[in-house]
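Numbers restart at 1 for each chain; the letters A, B, ... are given by sequence-line order, proteins then strands.
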Amino acid sequence: MIPVDRAALGRDAREVAPYLLNKVVGHGAVTGRIVEVEAYRGSDDPGSHAYRGPTPRTQVMFGSAGFAYVYFTYGMYWCMNVVVGPEGTASAVLIRALAPIGGIDTMFERRPKAHKTKDLCSGPAKLCQALDVDGRFDGHDLAEDPLLLLDDGTPPPAEPSVSARIGLSRGLDLPWRWYVSGDPNVSR
DNA sequence: GGTGTGATCGTA
DNA sequence: ACGATCACACCA
């Protein structure tokens, strides 16, 4: 298990997003495999938080690839992105679902409303609860403990499923969501 | 199985 | 005012 190659993360978000399928996210011993992602770009993507230029909230998106952009939404939830692309393009990949691997008992403690394993990480805010990811990791280098983006040698799926992104009011025409076909942990 | 709605508050 | 969401109620 090694950190995901930083140079690979520096490519366009539409390449990096499907590349991140089957990579591993870990917070300490609590880990899961990425099974669903969405690509976001900056100035040309009306669905992106960065569309209208940098703000205090989005400043880490305008920084280097390989860092976490963690944002607060709907007054109660956190969601986690990997900053990708050439520096300054404000691109990111939203991690939308994980297949739980390690620390599943801890995930159930953090998500008491989950009844089955597939309820633990089948959504961007759910997986942040399960992994105890919140605003303290905004701007965190994902090659450093305790929150890591790892490559265990599993390749991305040869033919991931593709769809429009979820939960947006703008940018709905862009097919920038990728997921592992048939995985029970994929959201909704 | 599917659809509709309330919660809750930082951001712009 | 609205949101890169979730959980639960309700209907089928």
Side-chain angles (χ1 to χ4, degrees), chain A residues 9 12-14 16-21 23 25 32 34-63 65 67-85 89-100 107-140 142 147 149 160-180 182-188:
Chain A
L9 297 175
D12 188 278
R14 292 169 298 177
V16 181
Y19 167 78
L20 288 180
L21 292 174
K23 299 296 183 288
V25 177
I34 298 171
V35 297
E36 179 183 352
V37 293
E38 285 177 354
Y40 287 87
R41 302 209 299 180
S43 57
D44 65 341
D45 180 1
S48 171
H49 291 162
Y51 183 53
R52 305 198 177 240
T55 66
R57 176 211 209 184
T58 61
Q59 62 173 354
V60 322
M61 290 181 87
F62 288 81
F67 288 72
Y69 165 50
V70 182
Y71 68 90
F72 187 64
T73 192
Y74 289 100
M76 47 194 135
Y77 299 117
W78 296 95
C79 296
M80 172 185 174
N81 294 250
V82 181
V83 176
V84 303
T89 59
S91 300
V93 174
L94 174 66
I95 309 301
R96 283 197 59 89
L98 305 175
M107 292 188 189
F108 273 109
E109 290 172 11
R110 292 172 178 164
R111 286 193 37 74
K113 289 168 185 167
H115 300 300
K116 311 178 74 172
T117 301
K118 71 176 183 180
D119 301 326
L120 292 172
C121 296
S122 53
K126 295 179 190 177
L127 69 90
C128 283
Q129 291 177 344
L131 293 199
D132 188 25
V133 170
D134 61 20
R136 70 191 189 276
F137 290 111
D138 189 36
H140 171 78
L142 291 167
L147 183 64
L149 177 63
S161 296
V162 187
S163 83
R165 296 175 294 183
I166 291 179
L168 309 189
S169 60
R170 291 174 298 188
L172 288 171
D173 51 316
L174 303 173
W176 288 0
R177 172 178 177 248
W178 290 264
Y179 55 97
V180 177
D183 192 286
N185 299 284
V186 171
S187 70
R188 120 197 191 125

Quick check on C:dT5: is either OP1 or OP2 less than 4.0 Å from any side-chain nitrogen or oxygen of A:T73? no

pi-stack flag for A:Y74 and C:dG3, centroid dist under 5.5 Å, interplanar under 30°: yes

After noting the C-alpha distance and the side-chain angles of A:L98 and A:V35, does the key distance pass the side chain to side chain contact (heavy atoms under 4.5 Å, CB included) rule? CA-CA 5 Å; A:L98 305 175; A:V35 297; 5.7 Å; no

Return the value, rounded to whole Å, for the distance between atom CZ of A:R57 and atom C1' of B:dC9. 12 Å

Between C:dA7 and A:R111, is there an OP1 or OP2 to side-chain N/O distance shorter than 4.0 Å? yes

Starting from P on C:dT5, measure out to CZ on A:R165 and report it in whole angstrom. 11 Å

Write down the distance between CZ (A:R41) and C1' (C:dA4), rounded to a whole number of angstrom. 17 Å

Would you classify A:M61 as touching base, sugar-phosphate or nothing, given that sugar-phosphate means primed atoms plus P, OP1 and OP2, and contacts are heavy atoms under 4.0 Å? base

Validate the cation-pi geometry between A:R177 and A:Y179: distance from NZ or CZ to the six-membered ring centre under 6.0 Å, angle to the ring axis within 45°. yes

Taking atom P of C:dC2 as reference, at what distance in whole Å does atom OH of A:Y51 sit? 19 Å

Parallel, tilted or perpendicular: rings of A:H49 and A:Y69 (30°, 60°): perpendicular

Would you confirm whether A:D119, through its side chain, and A:K116, through its main-chain N or O, come within 3.5 Å as a donor-acceptor pair? yes

Could you tell me how far apart A:K113 (NZ) and B:dG6 (C1') are, to the nearest whole angstrom? 12 Å

I'd like to know if A:R165 and A:D45 make a salt bridge, using a cut-off of under 4.0 Å between side-chain N and carboxylate O. yes

Is there aromatic stacking of A:F72 against B:dG10, centre distance under 5.5 Å, plane angle under 30°? no

Electrostatic pair A:D44-A:R41, nearest N-O below 4.0 angstrom: yes

C:dT5 P sits how many Å from A:M80 CE, rounded? 16 Å

Do any side-chain nitrogens or oxygens of A:S48 fall under 4.0 Å of OP1 or OP2 in C:dA4? no

Examine B:dG2: is either OP1 or OP2 under 4.0 Å from a nitrogen or oxygen in the side chain of A:R188? Give yes or no. no

When you measure from every atom of DNA chain C, which of residues 125-136 of chain A have a heavy atom less than 4.0 Å away? A:A125, A:K126

